[in-house]
Amino acid sequence: MTSIAKLYGLVLSGGKSTRMGTDKGLIPYHGIPQREYLYGLLGQVCERTFVSLREDQQDGLPPEMQAIVDRNEFKGPYNGLLSAHKSHPEAAWLVLACDLPLMDLPALRELITARDPKAMSTAFALKENPLPEPLCAIWEPHAFADSIAYLESGNGSCPRKFLINNNTRLVFPKNGHVLLNANSEEEYREALIKLAVV
């Protein structure tokens, strides 16, 4: 019988938020900073939860939030993903980017229910564009070892490309709006409109 790795939660909040012009993890879509909101959601479904951030983002983090500071060994989102993996290599990680203002608890439970621990990951995707969302996914421990080999091969640094070319279970959420990425002011306004009618 295959043992299933324990599931930890990770809010990826270490990006520079260049397009938005302000730290996306601090936007209060739900009355509190978004990184705290997602941390709270993950805390309801994961054994332990962490927020991934840069060293200069630690000021102002509530003391009850556990942080993993980026090691800066890899570029892009893999920086946070692999920093978390190296801190707790035995765990699978339910990863959420901090730019998902419509994410909710039912969607996270949906993803966890569909988890395939034999796959590299179990990832949300949209039916109209069935590509894995690597920053809204469960990454199994063995995926990270293969990811390091992928990065060191020099063939790219895109986590989505890695998942596309490996065994990934796609899950189509009942409410596709949960995958709305708010990376710009226009997408921010779109998210506010959608939140107002929920």
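Everything numeric in this text was worked out from a predicted model, so none of it was measured. Residue numbers run from 1 in the order of the sequence given.
Considering every non-hydrogen atom in both L163 and P132, the closest pair reads CB-CG, 3.9 Å. Here the closest non-hydrogen pair linking L179 and P173 is CD1-CG, 4.1 Å. Contact between L81 and P159 at its shortest, heavy atoms only, is CD1-CB, 4.4 Å. The shortest non-hydrogen separation linking F50 to H88 is CZ-NE2, 3.4 Å. The two residues A91 and P141 come nearest to each other via the heavy atoms O-CG, 3.4 Å. Of all heavy-atom pairs spanning A5 and A92, the tightest one is CB-N, 3.9 Å.
Although no hydrogens or angles enter the test, the distance criterion places a donor-acceptor pair under 3.5 Å between the side chain of W139 and the main chain of P134. With hydrogens and angles disregarded, a donor-acceptor distance shorter than 3.5 Å links the side chain of T122 to the backbone of D116. Judged by distance alone, with hydrogens and angles left aside, the side-chain atoms of Y150 form a donor-acceptor pair with the main-chain N or O of C158 at under 3.5 Å. Of the possible polar contacts, one joining the S83 side chain to the R71 backbone as a donor-acceptor pair under 3.5 Å is found. Not one N or O on the side chain of R35 forms a donor-acceptor pair closer than 3.5 Å with the backbone of L26. Between the side chain of H142 and the main chain of A119, a donor-acceptor pair closer than 3.5 Å is present. Under the 3.5 Å distance criterion, the side-chain polar atoms of E110 are matched with a main-chain donor or acceptor of K174. Side-chain atoms of H30 do not come within 3.5 Å of backbone N or O of L102 as any donor-acceptor pair. Remark: the backbone N or O of T49 is paired with a side-chain donor or acceptor of Y39 at under 3.5 angstrom. The backbone N or O of V51 sits nowhere less than 3.5 Å from a side-chain atom of S13 that would complete a donor-acceptor pair.
In the hydrophobic clustering of ILVMFWY residues, with side-chain heavy atoms under 4.5 Å counting as a link, L96 and L105 come out together. Both F144 and V95 sit in one connected hydrophobic cluster of ILVMFWY residues. Membership requires side-chain heavy atoms under 4.5 Å apart, directly or through other members. Taken together through direct or relayed side-chain contacts under 4.5 Å among Ile, Leu, Val, Met, Phe, Trp and Tyr, I32 and L42 form part of one hydrophobic cluster. A chain of hydrophobic side-chain contacts below 4.5 Å, direct or via other Ile, Leu, Val, Met, Phe, Trp or Tyr residues, connects L126 to M103. No continuous path of ILVMFWY side-chain contacts below 4.5 Å connects F172 to L131, so the two sit in separate hydrophobic clusters.
The 12-atom threshold is not exceeded at CD of E55, counting heavy atoms of other residues, nucleotides or ligands nearer than 6.0 Å.
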Check the pair L151, F162 against side chain to side chain contact (heavy atoms under 4.5 Å, CB included), reporting the backbone distance first and the verdict last.
-> CA-CA 9 Å; L151 291 166; F162 172 80; over 6 Å; no
Could you check R160 against E133 for side chain to side chain contact (heavy atoms under 4.5 Å, CB included), going step by step and ending with a plain yes or no?
-> CA-CA 7 Å; R160 171 175 279 172; E133 290 288 347; 3.1 Å; yes
Are Y8 and E90 close enough, and set up right, to give a side chain to side chain contact (heavy atoms under 4.5 Å, CB included), and what steps lead you there?
-> CA-CA 10 Å; Y8 285 2; E90 74 288 356; 3.9 Å; yes
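Residues D70 and L53 fail the side-chain proximity criterion, which asks for heavy atoms closer than 4.5 Å.
Taken to the nearest 0.5 Å, the CZ atom of R109 stands 6.5 Å off from the CD atom of Q44. The CD atom of E152 sits 11.0 Å away from atom OG of S147, with the distance rounded to the nearest 0.5 Å. To the nearest 0.5 Å, atoms SG (C46) and CG (L41) are separated by 10.0 Å. Distance NZ/K24 to CD/Q34: 10.5 Å, rounded to 0.5 Å. Annotation: the span from D104 atom CG to Y37 atom OH amounts to 6.5 Å, rounded to 0.5 Å. To the nearest 0.5 angstrom, D99 atom CG is 7.5 Å from L135 atom CG.
The one candidate from L10, L111, V11 that meets the side-chain contact (heavy atoms from CB on, under 4.5 Å) condition with L94 is L111.
A salt bridge is absent between E140 and K118; no separation between the charged side-chain nitrogens and carboxylate oxygens falls under 4.0 Å.
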